[in-house]
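Written below as structure tokens is the structure these notes are about.
Chain A is the first sequence line, chain B the second, and so forth, proteins listed ahead of strands; every chain is numbered from 1. Worth saying up front: this structure is predicted, and the values here are computed from it rather than measured. Heavy atoms only: backbone and side chains are in, while hydrogens, waters and symmetry mates are out.
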2 protein chains.
Amino acid sequence: MGNDMVSKGRVTIREVAERAGVSTATASRALSGNHPVPPATRARVLRAARDLDYVANAHARALVGGGRKMAAVVVRQVTSPFYAQVAEGVEAEAADRGWLCVVGATGGDAQREMEFVRLMREEGARLVILVGGVVEDEAYRERVAHYAHALDSSGARLVLCGRPAPGPEIPALVVEFDNEAGARAVTAHLLSAGHRRIVFLGGLPGNTALDARVAGYRAALADHGLPPEAAHVVDCGLGRAAGHRAMTELLKKTDEFTAVFAGDDMVAAGALRAIADAGRRVPDDISVVGYNDIPLAEDFNPPLTTVRTPAEELGRAAVRIALRDPEHAAGAHHLLGTHIVVRESVGAPPPGRVL
Amino acid sequence: MGNDMVSKGRVTIREVAERAGVSTATASRALSGNHPVPPATRARVLRAARDLDYVANAHARALVGGGRKMAAVVVRQVTSPFYAQVAEGVEAEAADRGWLCVVGATGGDAQREMEFVRLMREEGARLVILVGGVVEDEAYRERVAHYAHALDSSGARLVLCGRPAPGPEIPALVVEFDNEAGARAVTAHLLSAGHRRIVFLGGLPGNTALDARVAGYRAALADHGLPPEAAHVVDCGLGRAAGHRAMTELLKKTDEFTAVFAGDDMVAAGALRAIADAGRRVPDDISVVGYNDIPLAEDFNPPLTTVRTPAEELGRAAVRIALRDPEHAAGAHHLLGTHIVVRESVGAPPPGRVL
DNA sequence: ATGAAAGCGCTAACAA
DNA sequence: TTGTTAGCGCTTTCAT
């Protein structure tokens, strides 16, 4: 295959230097290109490197200081459309800057999150991005405060996407969507379609993202002069299966609602199916809205009205903000806007059922 | 935060050793735990490490030989549900073995693929997994043969998922689904529902995965005694947008079909929408099948009959096979089975339109 | 312009 | 049991 005598094991710069008849120092200079080297020698070295199919050892390079910049995104699971989009955004923005991007999945387990962050510290990641809402308890605060200080003290940056900073003086920055505003807006949308009995499906008490959506939901209800009791939150958590189960149960139990606000689009998918299984129609009998506008939301039955949270942009923003203006940004809180995407899952409540 | 005098920069093993009053060698031994160290000293070292929040420098460690094992998956894009599942499988299997997993996205660009593989070589990845069908031309064969030899000569392994080995003597192994069998099976399913005019939507000439599906489709047609002209392949490529566009056009142009076999579920999503937009019903007027059974295929309108390709299992299998029985496996070709998932997008052709 | 040599942080001989 | 030393592959002074 064009290379004479491949010795097992990686080709080192020494072999390149030897073949080119120069010292390793000269070879290094020629290869990196940022030191004056006469064109002739330079060409010989480059030639040798190509012949040998030499690639530098990133570890050795990192050790001596010139390591490749690496960013890490940590998500619950890669197969969640929302997380996948965030990861893609981070990957894209990192790649644009010549950074390497590692993605880790935790399955929602704090233990695995810790291990992964530790790993990233060992690997010398310069940027760690933690994505997704969490239940914000003392353990969380301690854990993340620890990440933040550890990372910071070695010059790396921590960004929290959709989860809160564990305290005021913490060297981490947070960028997230304005969940409360988004939820308030869709709820208002439902309200102005005539719905008065709207159930929120997919609460997860303690989870910052969901709590904010619930708060927005309640706020919208209040805005319209409805009493607090008008709110009906089903704490079934997220995921298609949870949505399906909870919706099925709800339909058996009560009739006292005309619309459902699903905690996210996956919950909406499950709810939609459950409603259809129960022989009810959307939006004629029941209206449904979701959250996130995942890529296939328009293919649901019916196409889902939902809140668009530009997930890829969130990922891109996370790295952009972290890398720009680094000192000043620490501790900052960035809020990204969202908007409603109107499709076909919302209609007027059935006549006589406005309650 | 419990640590006295954090000097900017990473804590090294030397500082740990000093604090514990031992040499770096002893510290290293105590930390790694695989050398006899008296419990007392060991405890002191561990204590010091914890106080200082020490994490080993992975690069230094890698340099000296004990580096962390790293696997890399390369996909077109992380947001494709199918690729995401494969990546998740690889990630999971890698994590189970204590390996680190990096995922790279190429956007389908050969250039970026090459850069990424080079990067992985630099980083010392022990396993590189390339996922997804490709158009198999000379450039492809050369490129991948090069990866294979380069990786092999430094002791790393290459696995090709859903794409062919570039030649017979190449140190790479391929694991993929039996596309032809799967396609043949769904086509037979359509045939036995009574359809005779089935169009294949989403051909991509030269692409190995799609070509195999088309071959299976043609084979099934032949199995049922249909002439070759019965095949109707629309080469619109993959993706929801492509499917939507192609289907819209097709509906304008002809009426000579009662069923469509979409190249994958995303194409099916686009086709479904186009059919609905044209005022036709699935499956009453037209039947549709997809390929892959992505997680949301059951939420399409109507729920999609499709071929289940266990993507996560593909990812897991890739690493499992590559790591097991390494020498013997090289050059091997593993085929994973698939099966049809029957949902509601297939019905009998409209009466009088069997053709 | 180029080579010799030091050193990044760590582990593994080799001594003691 | 523990410390001293060498060296992994590379870049970078410091001489030449």
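If you take CD of A:Glu18 and P of D:dC10, they are 13 Å apart, rounded to a whole angstrom. With rounding to whole Å, A:Leu52 atom CG is found 14 Å from D:dG9 atom P. Following rounding to the nearest Å, A:Arg68 (CZ) and D:dT11 (C1') show an atom-to-atom distance of 15 Å. When rounded to the nearest whole Å, the span between CZ of A:Arg14 and P of D:dC10 equals 11 Å. Distance CG (A:Leu63) to C1' (D:dT11): 11 Å, rounded to an integer number of Å. Distance, A:Leu31 CG to D:dG9 C1': 13 Å, rounded to whole Å. Distance, B:Asn34 CG to C:dA12 P: 7 Å, rounded to whole Å. The distance between atom CG of A:Asn57 and atom P of D:dG7, rounded to the nearest whole Å, is 18 Å.
Positionally, the nearest nucleotide of DNA chain C for A:Pro36 lies more toward the 5' end than for the other of B:Tyr54 and A:Pro36. Between B:Val64 and B:Thr41, it is B:Thr41 whose nearest contact on DNA chain D lies nearer the 5' terminus.
Closest to the side chain of A:Ala60, out of D:dG3, C:dC10, D:dC10, is D:dC10. Minimum atom distance to the side chain of B:His35 is reached by C:dA12, of the listed D:dG3, D:dT12, C:dA12. Here the nucleotide nearest the side chain of B:Ala25, chosen from C:dA12, C:dA1, D:dT12, is C:dA12. Distances were taken from every side-chain heavy atom of B:Pro38 (C-beta onward) to each of D:dC10, C:dT2, D:dT1; the shortest belongs to D:dT1. Closest to the A:Ile13 side chain, of the nucleotides C:dA4, C:dA13, D:dT11, is D:dT11.
Between the side chain of B:Glu88 and the backbone N or O of A:Val78, at least one donor-acceptor pair lies under 3.5 Å. Of the possible polar contacts, one joining the A:Arg10 side chain to the A:Ala56 backbone as a donor-acceptor pair under 3.5 Å is found.
Dashed line: the shortest gap from a side-chain N or O of A:Thr24 to OP1 or OP2 of D:dT11 is not under 4.0 Å. Phosphate contact (OP1/OP2 of C:dG3, side-chain N/O of A:Thr26, threshold under 4.0 Å): present. Between A:Arg29 and C:dA1, a side-chain N or O to OP1/OP2 separation shorter than 4.0 Å is absent. Dashed line: the shortest gap from a side-chain N or O of A:Thr12 to OP1 or OP2 of D:dC8 is not under 4.0 Å.
A salt bridge links B:Glu312 with B:Arg316: the distance from a Lys NZ or Arg NE/NH1/NH2 to an Asp or Glu carboxylate oxygen falls below 4.0 Å. Electrostatic pairing of A:Arg118 and A:Glu115 does not count as a salt bridge here, judged by no charged N lying under 4.0 Å from a carboxylate O.
Counting any heavy atom pair closer than 4.0 Å across all strands shown, B:Ala62 reaches no nucleic acid atom. Contact annotation for A:Ser32: no contact, since no heavy-atom pair falls under 4.0 Å across all strands.
Other residues, nucleotides and ligands place no more than 12 heavy atoms under 6.0 Å from the CD atom of B:Glu169. Residue-environment remark: CZ (A:Arg47) stays at or below the threshold of 12 foreign heavy atoms within 6.0 Å.
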